[in-house]
Amino acid sequence: MKAIVYTKYGPPDVLELKDVEKPAPKDNEVLIRVHATSVNFGDLLARNFKDISPGKFSMPLLFWFFAKMYFGFTKPKITILGNEFAGQIESAGKDVNLFKKGDQVFGYLGQNMGAYAEYLCMPEDGCVAIKPANMTYEEAAIVPYGAIMALNLLRKMNIQSGQKVLVNGASGGIGSAAVQIAKYFGAEVTGVCSAPRLEFVKSLGADKVIDYAKEDFTQSGETYDLIFDILGKSSFSGCKSSLKQNGRYLLASFKMKQLFQMLWTKMAGTKRVICALAIDKQEDLIFIKELIEAGKIKSFIDRRYLLEQTAEAHRYVDLGHKKGNVVITVEHNNKI
Ligand SMILES: NC(=O)c1ccc[n+]([C@@H]2O[C@H](COP(=O)([O-])OP(=O)(O)OC[C@H]3O[C@@H](n4cnc5c(N)ncnc54)[C@H](OP(=O)(O)O)[C@@H]3O)[C@@H](O)[C@H]2O)c1
């Protein structure tokens with residue numbers, strides 16, 4: 001089968017189209033014919049991991065060390081990137097009960113990666129679900145990563161209808177899903193992003209948008225029940241006066257300092273720092289499918305590339321100008 005393989009860390013040029021062996025499903029696995037995949041934060045990070053020093057890594061040192069062990073210190077151990085996908089079940093192992101040949105599915109492979117290929121295998125109880133009926137493969141393939149992370153992290157905050165939520169980093173993979181999911185929970189949502197993406201974040205349903213280059217949201221006098229900072233660009237000390245009495249400051253990216261702040265604020269005061277890791281669960285993806293079919297989550301394709309143009313797709317995402325998501329279409333010559 002065709003796949004995009006990389007055997008050394010580096011710029012997009014390390015991604016090469018190669019012929020590799022087609023995987024075979026184990027008894028509990030499904031074989032998926034991939035129709036679309038994407039380029040997101042995880043792909044860029046893993047492709048260039050040699051250059052990611054502990055300081056550049058958005059998590060504590062120990063996490064960096066474990067990630068290096070997992071992905072490889074000097075060269076990649078996992079050689080096919082791509083963590084989200086949409087496709088069709090081609091065959092299933094003998095113990096598979098949840099899916100059958102022909103089912104159209106979408107899913108998230110997380111750090112296992114492997115979606116930049118014509119086929120992939122994954123356990124039937126992995127993060128895979130029937131594709132939303134109202135989305136194409138391309139539209140569905142770019143949803144799982146951001147939506148799973150945002151749903152999982154926002155659920156930990158127990159958002160209630162009518163609460164005020166600010167998403168800092170609202171134009172990215174997690175942030176754009178967080179805006180839509182917080183709206184679904186009934187929150188009043190403010191999205192913070194750069195000027196070129198204000199309209200995009202508005203189109204996601206944000207009630208208010210703030211250009212961080214023009215306005216510091218911590219100085220506006222507004223207060224929020226939840227400030228969700230995806231990249232951890234703000235600080236708890238700066239945001240404290242923008243939190244309501246029992247407000248929460250949620251971080252998707254954090255260091256040891258923020259972990260200590262989490263412990264400290266749990267013991268003293270009413271405003272809390274929460275550093276949380278999202279867990280990808282099949283049940284969450286099924287819930288996301290239902291939200292999509294109910295029109296609560298939409299998918300925004302910025303650019304499309306073919307599998308053989310994956311390096312070009314990475315080059316575009318590396319520039320940091322995408323509005324929405326970049327999708328990679330996997331064409332199959334022998335259509336079923
Ligand atoms: N906790 C977890 O379980 C978990 C899981 C996965 C990922 N993560 C973390 O999430 C982060 C990646 O998130 P993502 O996939 O959403 O990234 P992304 O798609 O790269 O988006 C990041 C967004 O941040 C915005 N941004 C840049 N500078 C900013 C600033 N000063 N203020 C506000 N926004 C700014 C950028 O857009 P603009 O140009 O519009 O500002 C960009 O769209 C990583 O740090 C990763 O470690 C955490």
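Every value quoted in this text rests on a predicted model; they were computed, and no experiment measured them. In listed order, ligands and their atoms are each counted from 1.
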Practice item. Check the side chains of D229 and S234 for a donor-acceptor pair under 3.5 angstrom, ignoring hydrogens and angles. Key: yes
Point to revise | Results of side chain to side chain contact (heavy atoms under 4.5 Å, CB included) for K75 - residues two or more places apart only | key: none
**Study point:** Reported CG-to-CG distance for the pair D27 and D95, which is rounded to 0.5 angstrom
**Key:** 5.0 Å
Show me the short polar-atom pairs for ligand 1: any N or O of it lying under 3.5 Å from a protein N or O, with distances only.
{"from": "ligand 1", "atom 1": "1 (N)", "to": "A252", "atom 2": "O", "distance (Å)": "2.9"}
{"from": "ligand 1", "atom 1": "1 (N)", "to": "A276", "atom 2": "O", "distance (Å)": "2.8"}
{"from": "ligand 1", "atom 1": "3 (O)", "to": "A278", "atom 2": "N", "distance (Å)": "2.7"}
{"from": "ligand 1", "atom 1": "15 (O)", "to": "Y145", "atom 2": "OH", "distance (Å)": "2.5"}
{"from": "ligand 1", "atom 1": "16 (O)", "to": "G173", "atom 2": "N", "distance (Å)": "3.2"}
{"from": "ligand 1", "atom 1": "16 (O)", "to": "I174", "atom 2": "N", "distance (Å)": "2.9"}
{"from": "ligand 1", "atom 1": "19 (O)", "to": "G173", "atom 2": "N", "distance (Å)": "2.8"}
{"from": "ligand 1", "atom 1": "37 (O)", "to": "S171", "atom 2": "OG", "distance (Å)": "2.9"}
{"from": "ligand 1", "atom 1": "37 (O)", "to": "R197", "atom 2": "NH1", "distance (Å)": "2.8"}
{"from": "ligand 1", "atom 1": "39 (O)", "to": "S194", "atom 2": "OG", "distance (Å)": "3.0"}
{"from": "ligand 1", "atom 1": "39 (O)", "to": "R197", "atom 2": "NH1", "distance (Å)": "2.3"}
{"from": "ligand 1", "atom 1": "40 (O)", "to": "S171", "atom 2": "OG", "distance (Å)": "2.7"}
{"from": "ligand 1", "atom 1": "40 (O)", "to": "S194", "atom 2": "N", "distance (Å)": "3.0"}
{"from": "ligand 1", "atom 1": "40 (O)", "to": "S194", "atom 2": "OG", "distance (Å)": "2.8"}
{"from": "ligand 1", "atom 1": "40 (O)", "to": "R197", "atom 2": "NH1", "distance (Å)": "3.2"}
{"from": "ligand 1", "atom 1": "41 (O)", "to": "Y212", "atom 2": "OH", "distance (Å)": "2.7"}
{"from": "ligand 1", "atom 1": "43 (O)", "to": "S171", "atom 2": "OG", "distance (Å)": "2.9"}
{"from": "ligand 1", "atom 1": "43 (O)", "to": "G172", "atom 2": "N", "distance (Å)": "3.3"}
{"from": "ligand 1", "atom 1": "45 (O)", "to": "S58", "atom 2": "OG", "distance (Å)": "3.0"}
{"from": "ligand 1", "atom 1": "45 (O)", "to": "S253", "atom 2": "OG", "distance (Å)": "2.7"}
{"from": "ligand 1", "atom 1": "47 (O)", "to": "S58", "atom 2": "OG", "distance (Å)": "2.6"}

Practice item. Give a yes/no verdict on a cation-pi contact between K131 and Y137, requiring under 6.0 Å between NZ or CZ and the six-membered ring centre and an angle within 45° of the axis. Key: yes
Practice item. Output the rest of the hydrophobic cluster of I301: all Ile, Leu, Val, Met, Phe, Trp and Tyr residues reachable through side-chain heavy-atom contacts under 4.5 Å, sorted by chain and number. Key: I142, V327
**Study point:** Contacts of type side chain to side chain contact (heavy atoms under 4.5 Å, CB included), residue S176, not counting sequence neighbours
**Key:** F200, L204
